[in-house]
Amino acid sequence: MTTKELPVINLFDTKTRKLQALKSSDGKSLRIYGCGPTVYRDAHVGNMRTFLLSDIVIRLAKYIGYEIRFIQNITDVGHMSEDFVEDKILAQAKAESKDPYEIAKIYEARFHTDLKLLNITPADKYPKASECIDLMHNLINELIKKDHAYVGSDNCVYFSAQTFPSYGAISGNRLDSLKPGHRFEYSEAGAKRFHADWALWKAAENRTQMIWNSPWGNGFPGWHVECSAMSLHYLNGFVDLHLGGIDLRFPHHENERAQSNCIIDKEAVALWLHGEHLLFEGRKMAKSSNNVVLVSDLIARNIDPLALRLCFLENRYRSQMDLSWDSLKAAHQLLQRWREKILIWQASDSMQSDEGEILISQIVADLCDDLDTPRALQKIRSIEKSQSISDGVKLEVFNKIDKLFGLDLFNPPNQSKNLPDHLNEILIQRQKARSEGNFSESDRLRDLLSENGIAVNDSKDGQTWNWLISD
RNA sequence: GGUCGGAUGGCCGAGAGGCGAGGCUCGGGACUGCAAAUCCCGCUACACGGGUUCAAAUCCCGUUCCGACCUCCA
């Protein structure tokens with residue numbers, strides 16, 4: 001190994017609103033925490049964009065040489081739905097007539113499946129809120145002891161926002177300009193000392209499922225407290241990088257920061273990184289607007305899920321992005337083209353060279369510059385098209401960058417996944433007809449295959465086929 | 001009302017004061033039995049009005065429009 005200094009990864013920190021170097025505070029590993037899903041429904045592709053953000057940072061940091069410790073929570077309790085009466089999981093359990101833990105288990109499994117389809121690096125641990133109740137009790141006790149929290153007349157435990165002077169630093173909100181009366185939470189503020197205080201522990205009241213005994217009676221944890229408890233516990237008291245969707249900036253991360261900082265009496269998170277939201281065909285992706293696209297919807301249209309990954313990489317994480325079926329198809333085709341090119345280049349031996357090393361380091365530099373994936377992809381395209389770079393060097397560069405981008409570029413382009421026998425038979429017949437010069441028959445069979453969703457291409461080496469992307 | 005982003009060709013989108021990113025679509029050509037794929041060529045855009053500058057999509061001021069967050073959300 002060389003003694004060269006590692007390249008610095010600069011990321012936009014939401015709190016300071018400046019680029020900031022990502023650093024390991026213990027000199028050993030990067031301690032990363034990402035807010036994970038509430039497992040009451042399928043995660044949609046907008047959620048995936050945020051989860052991809054952590055993957056890009058982690059792949060880059062690993063590539064550069066960091067050890068990573070990455071924790072992502074699974075919220076299976078305590079995330080209240082809009083009316084602030086019912087927990088999201090419990091509401092879904094009722095809707096599906098299932099046990100709430102069964103609901104959580106089903107959707108957590110699907111979450112992991114989607115991550116895998118998108119080549120998103122798994123976290124080292126996925127702690128569940130329901131399994132960390134003791135951690136949360138300890139944290140709440142400590143906050144009460146330090147006078148940052150109090151037990152209300154309703155037997156809920158509240159965090160006292162006014163005891164944390166820098167409240168609002170992440171979101172730009174100021175406590176005095178957060179007007180009371182917003183939405184639902186104020187309606188039960190009778191027990192709270194201040195309208196912006198939030199519940200750390202909620203009394204069970206009429207609830208019978210997903211409740212735990214506690215020093216304050218039966219109840220369940222508030223949503224924000226789980227991330228403080230888990231991050232401090234599993235990352236040994238400090239977070240080098242905290243990730244999440246932009247909407248979590250307030251109130252979730254603001255409250256989490258207050259809780260964590262008050263526990264350790266200093267800044268608990270060095271860098272806050274937030275991913276912007278995704279629109280689909282111009283509209284916000286939300287259940288309420290009936291505009292939700294799942295990874296499984298892409299697969300149903302024969303779009304490679306990694307085309308979604310490529311679409312995301314073509315946009316910067318900090319801008320809102322408008323995804324469409326057209327952009328997904330374009331990305332799908334680009335993936336195909338790269339995979340075909342790689343097959344051709346593989347006729348040459350992969351060649352290590354200074355030229356290749358320089359190209360790769362330029363791409364790494366783009367990623368280190370606040371994850372400028374669009375610019376990095378631009379370089380990759382120009383390498384692909386270059387007349388002056390040899391196939392061997394191209395192969396070497398693509399091989400290295402595939403680890404950073406996670407696009408499985410070395411998979412064969414035409415994977416004959418699940419080709420039904422009768423269609424395979426038509427393919428064989430067509431090849432036969434064509435080799436016999438019976439072009440009217442081969443054209444007829446090509447049309448027939450097309451009707452069955454298969455595109456046939458003839459080349460010098462015979463025919464190849466692809467699934468057509470459906471509209 | 002508060003805070004923060006945007007506006008780029010047929011479409012999507014990057015953009016670093018100075019040679020028109022790139023992709024998709026479309027048109028022409030090469031190749032092909034014909035297609036497809038691929039390769040080559042073509043299609044000269046930056047919301048509006050001022051300003052700074054030798055030079056502005058880029059910097060500054062103003063205007064219009066769009067969006068996000070402001071106690072559900074990735």
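Labels below follow one simple rule: chain letters A, B, ... track the order of the sequence lines, proteins then strands, and each chain is numbered from 1.
Using a 4.0 Å heavy-atom cutoff across all strands shown, A:Asp326 reaches no nucleic acid atom at all. Among the protein residues, A:Leu334 comes within range of no part of the nucleic acid, since none of its heavy atoms lies under 4.0 Å from any strand. No contact: A:Lys379 has no heavy atom under 4.0 Å from any strand. Here A:Gly244 lies in heavy-atom contact (under 4.0 Å) with sugar-phosphate atoms only. Here A:Arg446 lies in heavy-atom contact (under 4.0 Å) with a base. Among the protein residues, A:Arg375 comes within range of the nucleic acid bases, having at least one heavy atom under 4.0 Å from a base atom. A:Asn255 comes within contact range of no nucleotide atom at all, as no heavy-atom separation falls under 4.0 Å. If you check every strand for non-hydrogen atoms under 4.0 Å, A:Leu278 touches a base. A:His44 comes within 4.0 angstrom of a base, heavy atoms only. The residue A:Arg318 sits apart from the nucleic acid: no heavy atom pair falls under 4.0 Å. Among the protein residues, A:Ser171 comes within range of no part of the nucleic acid, since none of its heavy atoms lies under 4.0 Å from any strand.
A centroid separation of less than 6.0 Å is found between the aromatic rings of A:Trp198 and A:Tyr167.
For A:Gln320, the side-chain atoms get nearest to B:rG67 when compared with the rest of B:rG67, B:rU71, B:rC39. Side chain of A:Arg17, nearest nucleotide from B:rC4, B:rU71, B:rG23: B:rC4. Comparing B:rC69, B:rU3, B:rU38 by their nearest atom to the side chain of A:Arg337 picks out B:rU38. Distances were taken from every side-chain heavy atom of A:Pro251 (C-beta onward) to each of B:rU71, B:rG33, B:rC24; the shortest belongs to B:rU71. In the set B:rG33, B:rA14, B:rC12, the nucleotide with an atom closest to the side chain of A:Ser327 is B:rC12.
In this structure B:rU58 sits in no base pair that meets the Watson-Crick or G-U test at under 3.5 Å. Using Watson-Crick or G-U wobble geometry with both donor-acceptor distances under 3.5 Å, B:rU3 finds its partner in B:rA68. In this entry B:rG42 has B:rC26 as its Watson-Crick or G-U wobble partner, both defining distances falling under 3.5 Å.
Only the P atoms considered, B:rU25 is 30 Å distant from B:rG67, to the nearest whole Å. When the P atom is compared between B:rA45 and B:rC34, the two are found 39 Å apart, to the nearest whole Å. Distance check on atom C1': B:rU58 versus B:rU53 gives 13 Å, rounded to whole Å.
At distances below 3.5 Å, at least one donor-acceptor pair connects side-chain atoms of A:Ser228 with backbone N or O atoms of A:Glu256.
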* Apply side-chain hydrogen bond (donor to acceptor under 3.5 Å, both in side chains) to A:Glu276 and A:Ser319, showing your working. => CA-CA 6 Å; A:Glu276 252 298 350; A:Ser319 7; over 6 Å; no
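Geometric assessment of A:Arg193 against the ring of A:Tyr150 yields a positive cation-pi assignment under the 6.0 Å and 45° thresholds.
For the atom pair A:Ser54 OG and A:Leu52 CG, the distance stands at 7.5 Å (nearest 0.5 Å).
To the nearest angstrom, P of B:rG33 lies 16 Å from CG of A:Asn438.
In this structure, A:Arg444 pairs ionically with A:Glu441, as a charged nitrogen and a carboxylate oxygen lie closer than 4.0 Å.
In this structure, A:Lys329 does not reach the B:rC11 phosphate: none of its side-chain N or O atoms is under 4.0 Å from OP1 or OP2.
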